[in-house]
Structure formats: C-alpha cells, structure tokens
Amino acid sequence: MLSIMRKQAGNWMIKVVLFAIVVVFVFWGVGSFTSRQANTVAKVNDEVISYSAYRQHYDRLLEQYRRIYGGALDNGMLQSLNLKEQALNQLIDQVLMVQEAKRLDLQIAEETLDQAIYAIPAFQNNGVFDQQRASFILAQNRVTTAEFRDGLRQDLLIDQLRELVTNSAMVTEEEARQWYDWYNAEVNLNYVAFSPERYKDITLTEPEVEAYFEEHSEQYKTDPQVKVVYLHFDPTAYKAGVKVTDEQITQYYNEHPDEFKREKTVEARHILFKLDEDAEEQTVAEQRKRAEEVFKLAKAGEPFDQLARKHSEGPTRDQGGYLGAFKKDEMVKPFADKAFAMQVGEISDPVRSRFGWHLIKVEKINEAKIESLAEATDRIREKIIDEQAGKIALQKAESMYDAVYDGDDLAAAAQQNQLPVFQTDLFGPEGPREERIANSAQFAKVALGLQKMDISEIQDFGNGYYLIQVTEQKASEIPPLEKVFERVKADTVALRQDELARKEAEKCLTDLKAGSDFTSTAASFGRTVAETGFFKRNGAVPDIGYEPELSKSAFMLQADQPFPDQVFKVKGSWYTIQYKDRKAADADGFETAKSDLMRRLVEQKKQAAFQQWLSDLRANGRIEIKRDVIQ
C-alpha cells in the first residue's frame, strides 16, 4: 500500500495485532542486535544495539503505556516512567540473556517454534492459525518470516534459560508459616480524625488569592482544542450490497463446527447468605443456621423468588435471585457442581462457596446440543454480511487513505469521490458531542495528537472506520485570574483548611506523646476517639481506608510505644492514631492456606532469583552505553 510506504506504522488493525503479540512476546521484532549501524546505542560484550532497534522498542513500550493510561499519559508521567532507560535496559538484558543461552548451548527445536507461532492469537482466525493472516501482518510491518522466527526463537530461548535458573527455587513449610503469621497478624487502633471541612471560618484577602494563583497557575491551564473534518466509513452502509449464497453458509458451518456446539446450561435462582472467605467459625455457623431456616420455608412451599427478595444478600436479590442461564464453568465450583446435579424444581440444601452459603433452585435445564445448519443459517448469513460489509468499509477507507497526503484537503478529496464529509466544532479531550462517533474520548485523543492539516491513520472507534484531519488548533493557555477567580479562591480556602487540620492533628499527637489522655485530648479539639477494630497489614483500615504508610506504621507500634512519629492523611482527612491491641494469625487457617501459599512464595523466589542472576550477568558483562545517542 502507498500509505505504508509513506508513513511509519500501519493502520488501526496492525496496531491492535502488534499489541496482542507484544503482550505475549515482549521482545519480538526488536531487530538484529548485530546490525552494525553508524548510530550505535550500546555495546554488550562487543555486540551492537543499533539506534533503530532501540527506537523500535521504545516506540512499542510507549504504545503499551498509552493503552494502559490513555489521556493521563502526559510528559510528566513519561519522565517518571523513565521510558528511555526502560527500553535500553530491556534491550541490554535481552542481548545478555541470548548470549548466555548460546554459551550454554540451549536450543529451540523447529517444531517447538512452529507450535509457538500457531498459538499466537493475532495470527489466528476463529482460534485456528491462519497463514495468510500471519503473512499479511508481518508484511504490513516490514518484518520477514525469517526475522520474526529469529525474534521468537530468542524469546523461547530466554524462557528456557529462565526455567534453568529458577527451577531449584523451593520454600520450606517453616518459611511459609512465618510468612503466614506475618501477613495474617492483626492490629487494632484508637484514632481521631481531623476533617478539613470542619474549619469554616476562613477569610482571604485578594492578594492571598493572587499569590495562590501565581504559584499554582498551571493547574488552571485550559485544555488544547481542535476542529476537524472527518470521514466515516460505516459498515452498515454497505450491508445491502452484500450477497450471501447457500454454498457460503454451508462452507462456514462446516469450517466452524465449534461455533455451533451448545454446552449444557442451567437456569436457576439462588439465595445468598454472605460470608468473607476467612470468616470465623461462629459467623459461618450463624449464617448456615439462617440458610437452613429459609430452606425449611422454601420446602414448605413459600415462593422461592419472594424468599430471595426478603433474605438474599446477593446482587440478584431484587430479581428474586434469578441468575439466568449459565454454563458450568461460569460459576464457582461448589455452586456449579450442585446446580448441575439437580433436577428442575429441586431446591438444594445450603451450599458453601467463597461468597457464602447458597440455596439454589433449578428452574430449567438446557441440554448440550449441536445446532443444525437450518437453525444456524440466518445467524451465519448475518455474520457473513457483517464481516463482508466491514471489509468493504475498510477497503474504502484504505483506498481514500492512499489517495491523500498530509496537507491535502481531505474534504475536497472526499467530495471528488462522492463521500460524505463531517465537520466538528472546537473540542478538547472530552471529544465532540456527535452521536455518529462511538468513542468521543478516543476520537479526541487521536485528533489532539495531530498537527494542523495532518491526516490520521485509519481509526476504528467501534462503529466503522474514520479518517480525521485537523483544520484548526487552539493551544492550551493559562487564563487571566478574573476568569477563574472563584475556583482559585475555593482552592485557596481548601488549602488553608487542610493546613489547619494537619496542624491540629500534629498538636494532638504531640500532647499524647507528652502523656495526655487520648479521650480528654481529643475532646479539647472538639473530637471524639474512635476504634478501627482489627485489620491486617495489607488491607484497608476499617472506617479510614487503604493507606499503606498508616498500616505499616500501625504494625510497628506496641504497648510500650503506642504512638507513631507522624500523622496520616487518608481520603482528605488527617488522622492521629494510637496502638490498642494486637492479634496473632489464626493457627488453624495455615493448613488450609499452605498449599496455595507455598506455590506463590516459590514463584516469588523464582522471580527474585532470576532478577539477581540477571544483575550478576550485567555486573560481569562489558556494557558500553552512548548516552548522547538516546538523549
């Protein structure tokens, strides 16, 4: 395609499939490390990492973070992520590991390599490897089959190397017990909360507001805006022209047998009596007793749906406990095992799952079957029409994309081709408010990333394909104070309130450390002492919230050292805390958790061992980095 020759990267589809591949094979396609180009980024034991390989990997990492953080990925976040160093270090590690694999004479059989390629989802069509699709994707990204196989072979070698390094990792039962006791210990606190909202009498002068604005002016900066023209290639517009023959329907039916298998499903209602997974035995017994009492009412003839509305603690309560039809693997195992063993109309005894106790009533059983060609014909026809219409829409978009260059008038070119053109008003990151655009925020992200008169690559926002051209840009700016005065004033007041709350919390802590009684000290600030109740070190603090620093400090306190050295801010309020009590982990729970715990600890040890091995490999290698090249 002309567009591929003209621009970097591919269209929307190529980006999607590339990301799918990257998720599985982080390092594939980084290029040949031995290519001796003038712009060398680094040398690893005399093996060159070229700038092109570095840049390709950097761009791929950047794309991954954009998908994760979306519009929140700004320059500040990019700097904090230190993306350039990430990309370079990953490539250096890659070279070191491949070199070590070769030194150890590790090999990847061709059959193993083939199976790995067949398993890549991006290369599959309806779950089956599609050679034509794979070739198309690689060709569009200027990657030869040989290059791709070499990159994938390196990934598999590294997997093999990792296994070799970590397979000796083990965890003793004593280690697991120590970790269990540490993780499941609980602490109870007294606390006083100082909420900024309580400080109402804040008076400000205009110079104070001006000073705040001068110091924080960036936070009032307006969003950049753009105005665009765009083309929408809607597949529904092409459906009428798609003709589907009986032979195509039969062929599709025969080539996709799994699509027409209908697994057994059960339609049921349930009544849930909720429990935490680690609930105490007494609580478990109490909830079971409640379930048994309601079970007796159901067996006596009271309508199950009415009992669910009255007693269930699950999200389907208002629907009379109705769960609809579900497959066996769609429910937690104890629940599914019971439901699929019951008859229509039967009501179960209480069944325990990780959510609590359930009463189940089966209303209908849909046996497994294979849908016949006659039954599937209409659905297959619609699917083929949708697929063909989508392909036509994409072809139309690609044809138009190939016909224009950045700087061309997209609207004029579209009119020459008798295509409808749409124009927006100025919009920012929220996107234009047009029903035609299925994802306004994503539309805006693409548009705001273009320069004036740039034409976007083909975009898919969920309802067809788009080409976008920016016709007007309005840069972000700091508005004059008078335009945002009330916002600035409110923010200045909020800052003063927060400062007052913090200072009173700190004064309270100082008084307590000096020997004052907690209740009377709190009363002197117009506050009352509350109690958190017991909580674990990695959980949320009851009635306060999740705050790692507060939890960490709480578990360092003890009876003879009941106060920390600082106060803590959680969800806007400041807290002064005091140690009250500690509770050891439930000894009986270890046996239940032991197997899963030891497995997780082994994985952690493997990861730590591999990272240490890799650090040693780096320390013993000859690594030369040309920092000026990547700046």
Side-chain angles (χ1 to χ4, degrees), residues 1-4 10-20 118-140 230-265 324-325 327 366-403 414 417-422 435-439 442-443 457-467:
M1 293 168 58
L2 292 175
S3 57
I4 300 299
N11 60 26
W12 67 274
M13 184 180 75
I14 303 305
K15 286 190 172 182
V16 170
V17 297
L18 272 178
F19 181 71
Y118 297 156
I120 296 174
F123 290 169
Q124 294 177 353
N125 188 1
N126 293 314
V128 178
F129 177 73
D130 187 331
Q131 178 65 58
Q132 185 176 1
R133 180 182 178 87
S135 298
F136 173 77
I137 292 170
L138 295 181
Q140 292 289 52
Y230 68 94
L231 310 182
H232 180 204
F233 300 87
D234 186 353
T236 59
Y238 304 102
K239 290 176 70 171
V242 177
K243 305 301 179 186
V244 181
T245 66
D246 291 341
E247 289 76 12
Q248 287 176 295
I249 293 172
T250 302
Q251 181 180 356
Y252 186 94
Y253 181 82
N254 292 331
E255 290 179 352
H256 302 83
D258 289 345
E259 216 173 292
F260 307 102
K261 292 178 181 177
R262 297 289 173 262
E263 293 183 41
K264 179 180 178 179
T265 61
K327 300 174 185 176
N366 305 302
E367 296 294 345
K369 61 172 289 189
I370 296 177
E371 192 175 8
S372 69
L373 175 60
E375 292 171 322
T377 291
D378 289 343
R379 185 158 53 85
I380 294 173
R381 178 179 284 107
E382 279 303 309
K383 186 166 187 176
I384 294 174
I385 288 173
D386 287 343
E387 289 178 352
Q388 292 301 318
K391 288 179 180 179
I392 293 171
L394 179 57
Q395 289 167 359
K396 297 283 187 183
E398 289 178 333
S399 177
M400 191 65 203
Y401 182 64
D402 289 339
N417 288 272
Q418 298 182 325
L419 293 172
V421 180
F422 306 97
E435 292 185 8
R436 182 179 295 101
I437 300 171
N439 189 332
Q442 189 62 26
F443 184 100
E457 296 171 356
I458 297 169
Q459 304 294 324
D460 179 9
F461 300 123
N463 66 337
Y465 310 106
Y466 292 77
L467 288 176

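By the 4.0 Å N-to-carboxylate-O rule, D386 lies too far from K383 to be salt-bridged with it. E371 has no carboxylate O lying under 4.0 Å from a charged side-chain N of K261, or vice versa, which leaves the two without a salt bridge. With respect to E398 and K391, no salt bridge is recorded, no charged nitrogen being found less than 4.0 Å from a carboxylate O.
Every residue two or more places apart in sequence or in another chain was checked for a side-chain hydrogen bond (donor to acceptor under 3.5 Å, both in side chains) with N439, and none qualifies. Partners of N463 by side-chain hydrogen bond (donor to acceptor under 3.5 Å, both in side chains), not counting sequence neighbours, listed by chain and number: Y466.
A cation-pi arrangement is not found for R133 relative to F123, the charged atom failing to lie both closer than 6.0 Å to the ring centre and inside a 45° cone about the ring normal.
Side-chain contact between I380 and F260 is present, with heavy atoms from C-beta onward closer than 4.5 Å. Taking 4.5 Å as the limit, every side-chain heavy atom of D460 sits out of range of all side-chain heavy atoms of L394. By the 4.5 Å heavy-atom criterion applied to side chains, Y230 and I437 are counted as neighbours.
Of the N and O atoms on the side chains of Q131 and S135, at least one donor lies less than 3.5 Å from an acceptor on the other residue. If you check the side chains of Y118 and Q124, you find no donor sitting under 3.5 Å from an acceptor. No hydrogens or angles considered: a donor-acceptor pair under 3.5 Å links the side chains of Q251 and E255.
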Starting from the C-alpha separation in whole Å, work towards a yes-or-no answer on side-chain contact (heavy atoms from CB on, under 4.5 Å) for K396 and Y238. CA-CA 10 Å; K396 297 283 187 183; Y238 304 102; 3.8 Å; yes
